[in-house]
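Remember, it's 1-based here, ligands and their atoms both numbered in the order they're listed.
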Amino acid sequence: MLVDSHTHVDARQFERDREAVLQAALETGVSMLVDAGCDLPSSRAAVALAAAHPGQVFAAVGIHPHDASTYTDAALEELRQLTAQPGVVAIGETGLDYYRMHSPREQQLHSLERQLALARELSLPVILHNRESHADLMALLREHAKELRGVFHCFSGDRAMAEECLAFPGFYLSFAGPLTYQGNTALQAVAAWAPLDRVLVETDCPYLTPHPYRGRRNEPKQVTLTAAKLAELRGLSNEEIAQITTENARALFGLDRVTS
Ligand SMILES: [Zn+2]
Ligand SMILES: [Zn+2]
């Protein structure tokens with residue numbers, strides 16, 4: 001079995017065939033997935049999806065850096081209440097994105113800092129998005145990550161950045177579809193090196209579709225392609241990588257604890 005550690009199956013791109021997509025994941029051996037909210041409505045949707053698919057779909061609730069301008073203390077309060085629902089395993093996705101800068105930098109920092117505090121208060125792992133914002137994210141984590149654990153989702157940096165990220169104990173690197181893209185040698189070198197007890201795989205679907213389906217909608221069953229690439233880079237079998245990444249996802253998100 002495999003765990004897709006980061007999806008957006010709640011998104012409108014799955015409006016027409018969400019149940020079929022979840023069924024296809026199961027049939028491909030992708031038995032568990034974490035659906036991450038990006039704002040309040042999608043966090044509510046993730047929680048509803050987890051409730052409808054106990055043991056298969058788990059939810060993370062959070063405010064994405066793109067949506068950081070929607071952050072309010074009342075929104076944080078609702079996120080806190082949502083974490084009491086069954087199947088909620090993390091805060092996120094949150095983080096920083098200075099590439100698109102859909103929300104002002106100051107608001108992204110404020111929203112992230114408040115969500116880190118919430119994760120710490122609730123002893124939940126945090127799912128971090130990081131795009132062209134590495135220095136600020138590291139600075140904030142040095143201040144706030146002491147009792148935190150979490151994942152750098154869709155990790156896309158080089159070895160030096162990976163080492164900085166993994167200097168935070170309890171944090172994992174998650175590899176997505178770009179690992180399979182030709183010419184992505186810096187990222188492949190990270191995946192070939194990273195400690196095996198600190199790696200996860202994900203789709204971030206509907207985005208970041210792995211080779212050879214790049215350009216089409218992504219879905220959880222295709223996490224198998226990224227996992228196969230990781231296995232190839234490590235000289236391990238697909239079964240071994242599946243077992244390793246599943247164990248890691250279980251350890252980080254406590255999936256057994258909440259499985260019904
Ligand atoms: Zn992201
Ligand atoms: Zn995402």
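Cluster note: Tyr207 groups with Leu208 through ILVMFWY side-chain heavy atoms spaced under 4.5 Å, whether in direct contact or through intervening members.
Residue pairs satisfying the side chain to side chain donor-acceptor pair (under 3.5 Å) criterion with at least one member in residues 35-55, sequence neighbours excluded, are listed as follows: Thr7-Asp35, Glu19-His53, Asp39-Ser42, Arg44-Glu78. Applying the side chain to side chain donor-acceptor pair (under 3.5 Å) definition to pairs two or more places apart or across chains, those involving residues 83-95 are His6-Glu93, His8-Glu93, His64-Glu93, Glu93-His129, Glu93-His153, Thr94-Gln115.
Within a radius of less than 2.8 Å around the Zn ion (ligand 2), the protein N, O or S atoms are His6 NE2, His8 NE2, Glu93 OE2, Asp204 OD1.
Aromatic pair Phe152/Phe171: ring centres closer than 6.0 Å.
Judged by distance alone, the side chains of Thr70 and Asp67 never bring a donor and an acceptor atom under 3.5 Å apart. Side-chain atoms of Gln243 and Glu239 form no donor-acceptor pair, as typed in the model, at a separation below 3.5 Å.
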